[in-house]
Visitor: 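Input: one structure, supplied below.
The shown structure was predicted, so the numbers you read here are calculated from the model rather than taken from an experiment. Just the heavy atoms: all of them, side chains too, but no hydrogens, waters or symmetry mates, feed the values below. Throughout, protein chains are lettered first and strands after them, A, B, ... in sequence-line order, and every chain is numbered starting at 1.
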Number of protein chains: 2
Amino acid sequence: MAERGNGEVVRLGGTSGVDQTSVRRANLARVLDEVRRGEVVSRADIATRSGLTKATVSSLAAELIDRGLIRETGLRRDGAVGRPGRALELDGGGITALGLEINSQYLAARGTDLAGRVIVERRLGFDAIHADPEVTLDRLAGLARDAVAELAGSASSYLAGIAVAVPGLVDAETGRVRYAPNLEWRSTPIAEALRERLGSDVPIVVDNEANLSALAELHAMPNPAADLVYLTGEVGVGAGLITGGRLLRGSGGFTGEIGHIPVDLDGQTCGCGRRGCLETKIGLPAVLRAAAPDLAADREADPQDQAHALRQRAEDGGPEAMAGFDEIGRWLGIGVSMLVNLLNPEVVVLGGYLGTVAPYLVPAAMRELRERAVAGDAAVCRITASTFGFSAAVRGASSIVIEEIFSDPLRIPAAEKAAE
Amino acid sequence: MAERGNGEVVRLGGTSGVDQTSVRRANLARVLDEVRRGEVVSRADIATRSGLTKATVSSLAAELIDRGLIRETGLRRDGAVGRPGRALELDGGGITALGLEINSQYLAARGTDLAGRVIVERRLGFDAIHADPEVTLDRLAGLARDAVAELAGSASSYLAGIAVAVPGLVDAETGRVRYAPNLEWRSTPIAEALRERLGSDVPIVVDNEANLSALAELHAMPNPAADLVYLTGEVGVGAGLITGGRLLRGSGGFTGEIGHIPVDLDGQTCGCGRRGCLETKIGLPAVLRAAAPDLAADREADPQDQAHALRQRAEDGGPEAMAGFDEIGRWLGIGVSMLVNLLNPEVVVLGGYLGTVAPYLVPAAMRELRERAVAGDAAVCRITASTFGFSAAVRGASSIVIEEIFSDPLRIPAAEKAAE
């Protein structure tokens with residue numbers, strides 16, 4: 001293979017030893033990314049944009065075609081040169097990803113192809129708070145099995161992975177939920193339990209729902225923010241943090257735990273045992289008690305239904321409701337100010353019910369933020385409602401499987417292997 | 001140049017166009033880094049570890065030698081092969097970096113060579129709170145000029161850059177201090193002012209002192225933590241945040257502003273106008289008032305002297321002092337818990353006076369942290385005293401100039417250009 005003039009090669013990744021696979025992997029990822037961005041590009045385009053030689057691009061493209069990730073499509077003219085070159089586009093019709101979500105009042109599944117096109121989407125009302133975890137996992141596995149069957153529609157489809165969003169602290173390495181306070185789960189091995197029930201060795205990752213929601217919002221932005229905070233409110237309050245364009249997981253995967261930071265030392269005792277937690281001010285139960293007490297009574301209601309009922313109250317606009325929302329907006333602003341002062345994000349995105357009633361909370365929250373941002377106007381950022389609301393977490397779940405493929409195309413087996 | 005089998009080239013950095021300079025720069029950085037890590041390595045060693053061909057390594061090494069960054073030294077045997085290969089080591093004796101610091105009660109300078117060996121170190125007591133900013137900048141420029149003269153000891157030395165640590169919010173792009181509350185500086189163009197006074201076009205960067213201190217601590221760790229928080233207390237309280245091994249700067253460079261987050265809504269009014277700020281509990285003036293009121297009176301004392309006097313009080317161990325420290329340790333723990341819950345660092349490093357009296361604060365702080373860490377023991381991290389105390393910021397400043405060289409060796413001119 002001919003190379004560019006000085007024939008330089010750069011080794012990526014680790015620092016020990018020669019790793020040709022790492023270089024190949026990175027190059028495959030690069031070409032795949034160019035095809036994704038460009039929608040329809042020729043090998044020559046990719047060579048120009050990436051700095052790889054045409055010969056190298058051809059080799060990499062052949063491998064990606066073999067793995068079903070891209071395909072050739074028709075002919076197109078090659079830029080200004082006038083010679084037609086075959087165009088490449090994302091294939092991935094045979095490659096699927098499954099996102100799952102365990103929420104306090106529902107289970108969800110969302111299966112897509114490589115391009116993110118939704119093939120199956122399911123939501124099952126289920127009280128995970130009162131059910132035995134084993135029963136919840138049985139139901140989740142059932143939902144997953146049905147979704148997998150729909151994804152396997154065509155004989156050649158390959159399920160690249162499953163990701164599960166949970167409302168709790170997750171040990172990413174083992175796929176174990178360390179603690180999900182609202183479900184009262186401790187040390188629950190989700191990945192293992194699912195693998196057993198599905199009888200499959202498909203890769204399964206588990207992550208905190210605020211983290212996955214933050215990723216979903218990030219990917220939905222036309223100009224992705226490098227620094228974004230996703231603040232979600234349902235039963236619990238938590239944050240997913242994007243810094244420098246990447247999810248901030250921290251030393252153990254336990255970032256964004258803002259729900260139990262005290263904002264009022266003389267405040268109420270929280271379910272967690274501490275006093276004056278942010279969750280006692282802006283968690284959904286507290287909000288319902290303040291702004292719509294009659295709705296608060298139903299402890300088994302779906303949070304999304306409760307959020308919509310709350311929104312209806314706001315729209316009806318009674319003075320008690322309005323005062324309630326303003327007060328909640330104020331405490332939201334205190335919480336957001338903490339995040340802004342520490343992390344200086346470009347935007348704060350509100351999810352869960354906070355997103356549903358955002359228009360009624362954001363004015364008061366912005367007033368607090370303007371007073372509390374230490375760096376002044378330069379740090380005062382927008383507070384917006386989530387694009388996806390209650391489906392952000394499961395979207396983030398399916399999309400994290402897709403992103404793993406784009407980072408490492410070698411995860412998808414070559415044609416001879418894919419037929420199992 | 002012969003290349004490895006498949007002759008792959010990967011283009012780094014941006015996404016548009018071919019950028020041979022970027023590849024060359026990255027390769028130079030890689031070789032320089034191998035030399036730094038290895039202390040004494042041969043070209044063959046570097047080729048093995050980096051995946052670059054020996055021919056490429058020779059070319060890169062020649063360029064680094066030409067720029068005075070590395071040099072050959074004696075002979076050594078080449079691994080198991082038995083053929084001796086000339087070893088390479090860091091040179092950089094002719095390359096210097098200058099760190100400066102503006103503190104409320106002193107100005108500091110620290111000049112090193114490429115390997116970080118200190119050539120000049122100065123500290124000038126100076127009341128920057130009450131002086132006119134222009135006077136402060138005159139004095140700083142004078143200190144810098146003297147330091148530069150000492151660094152220029154040998155005729156061939158090249159000052160690669162100057163970095164200035166300031167106790168405030170910095171606009172990194174312009175080198176302007178947006179706001180330094182303790183100095184009462186607003187919109188002060190430090191980089192520009194220094195450039196004028198020094199009459200030089202040496203690159204000057206300005207950064208927040210907590211940020212630079214965090215970098216200094218990170219580089220001092222034998223096994224650098226990917227996620228670290230540096231919490232500094234002098235007049236002001238602020239944090240430098242390392243996440244995923246890098247400084248977290250956020251959208252505008254205004255991260256870590258923890259000093260004015262309220263921890264006690266019924267607390268005292270802070271100098272900033274807000275109420276119950278963390279600084280009103282653990283800022284040095286508040287601490288002196290609580291634990292050593294007679295020391296609090298001297299508003300022009302050097303914070304380092306005050307910190308040592310405070311330490312002496314702690315060591316003398318009177319009951320009033322002990323109760324005072326325990327109370328401060330508790331509020332410190334509340335602040336640290338906020339950082340731990342949001343960022344999940346591996347370690348929290350205490351700087352400024354907090355580091356000086358750390359042994360008397362950390363027990364109470366750890367008690368709070370154990371109760372408040374939402375993820376429990378898994379998130380409870382160590383709280384340690386800064387290795388460098390009050391010199392962390394100026395160390396971070398000189399080291400950030402050095403790190404810039406390692407990232408981009410092309411900043412150092414080739415031999416024909418260096419002789420100005």
Visitor: Quick check against the 3.5 Å criterion: does B/Arg49 have a side-chain atom that pairs as donor or acceptor with the backbone of B/Ala44?
Guide: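 Not at all, since once roles are kept as given, no pair shorter than 3.5 Å links the two residues.
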Visitor: Can we say A/Glu34 and A/Arg30 salt-bridge, meaning some charged N sits less than 4.0 Å from an Asp/Glu carboxylate O?
Guide: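 Counted as a salt bridge, because a side-chain N and a carboxylate O are separated by less than 4.0 Å.
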Visitor: Is A/Asp171 close to chain B through its backbone or its side chain, or both, or neither, when contacts mean heavy atoms under 4.5 Å?
Guide: neither
Visitor: At a 4.5 Å cut-off on heavy atoms, which part of B/Leu248 comes close to chain A: side chain, backbone, both, or neither?
Guide: side chain
Visitor: Give, as side chain, backbone, both or neither, the part of B/Leu241 having an atom under 4.5 angstrom from any heavy atom of chain A.
Guide: side chain
Visitor: Between B/Ile334, B/Leu265, B/Asn344, who has the most heavy-atom pairs with chain A when the cutoff is under 4.5 Å?
Guide: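 Ranked by heavy-atom pairs under 4.5 Å with chain A, first place is B/Asn344.
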Visitor: Side chain, backbone, both or neither: which part of A/Ala226 has a non-hydrogen atom closer than 4.5 Å to chain B?
Guide: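 Neither part.
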Visitor: By a 4.5 Å heavy-atom criterion (distance strictly below it), what part of A/Ala239 contacts chain B: side chain, backbone, both, or neither?
Guide: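 Neither part, no heavy atoms under 4.5 Å.
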Visitor: Are the side chain of B/Asp227 and the backbone of B/Gly244 linked by a donor-acceptor contact shorter than 3.5 Å?
Guide: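 Side chain of B/Asp227 to backbone of B/Gly244, a donor-acceptor pair under 3.5 Å: yes, one is there.
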Visitor: With chain A, which of B/Ala378, B/Ser337, B/Gly259, B/Ala379 has the greatest number of heavy-atom pairs at distances under 4.5 Å?
Guide: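 Max contact count across the listed options: B/Ala378.
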Visitor: Examine whether an atom of A/Ile261 lies under 4.5 Å from a heavy atom of chain B, and if so say whether it belongs to the side chain, the backbone or both; otherwise answer neither.
Guide: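 The answer is the side chain of A/Ile261.
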Visitor: Return the set of residues passing side chain to side chain donor-acceptor pair (under 3.5 Å) with A/Asn341 (not counting sequence neighbours), or none when no residue passes.
Guide: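 Partners of A/Asn341 by the side chain to side chain donor-acceptor pair (under 3.5 Å) criterion come out as none, since no residue qualifies.
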Visitor: Is it true that A/Asp207 and A/Arg249 make a salt bridge, defined as a side-chain N closer than 4.0 Å to a carboxylate O?
Guide: yes
Visitor: Indicate yes or no for a side-chain donor-acceptor contact from B/Ser58 to the backbone of B/Thr56 under 3.5 Å, with no hydrogens or angles considered.
Guide: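 Here the side-chain-to-backbone pair does not exist.
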Visitor: What part of A/Leu342 is in contact with chain B, defined as an atom under 4.5 angstrom from a non-hydrogen atom: side chain, backbone, both or neither?
Guide: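 Both parts, backbone and side chain.
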Visitor: For B/Glu63, which residues count as a side chain to side chain donor-acceptor pair (under 3.5 Å) partner, sequence neighbours excluded?
Guide: B/Arg24, B/Arg67
Visitor: For the interface with chain B, which of A/Gly250, A/Ala373, A/Pro262, A/Ser251 has the highest count of heavy-atom pairs at distances below 4.5 Å?
Guide: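 Heavy-atom pairs under 4.5 Å are most numerous for A/Ser251.
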Visitor: Which region of A/Arg372, side chain (C-beta onward) or backbone (N, CA, C, O), has a non-hydrogen atom less than 4.5 Å from a non-hydrogen atom of chain B, or is it both or neither?
Guide: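 Both parts, backbone and side chain.
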Visitor: Report yes if the side chains of A/Leu231 and A/Val336 come closer than 4.5 Å at any heavy-atom pair, otherwise no.
Guide: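 SC-SC contact between A/Leu231 and A/Val336 confirmed.
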Visitor: What I want to check is whether the side chains of A/Arg176 and A/Ser187 have a donor and an acceptor closer together than 3.5 Å.
Guide: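 Distance-only check passes for A/Arg176 and A/Ser187.
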Visitor: What residue, out of B/Met338, B/His260, B/Arg274, B/Glu346, has the most heavy-atom pairs lying under 4.5 Å from chain A?
Guide: B/Arg274
Visitor: Against chain B, label A/Val347 side chain, backbone, both or neither, depending on which of its atoms sit under 4.5 Å from a heavy atom there.
Guide: neither
Visitor: Hey, are the side chains of B/Ile46 and B/Val35 touching, using non-hydrogen atoms and a 4.5 Å cut-off?
Guide: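 B/Ile46 reaches B/Val35 side chain to side chain.
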Visitor: Check each atom of A/Leu339 against the heavy atoms of chain B and say whether the ones under 4.5 Å are side chain, backbone, both or neither.
Guide: side chain
Visitor: Given that the side chain runs from C-beta out, which part of A/Ala225 has a heavy atom under 4.5 Å from chain B: side chain, backbone, both or neither?
Guide: neither
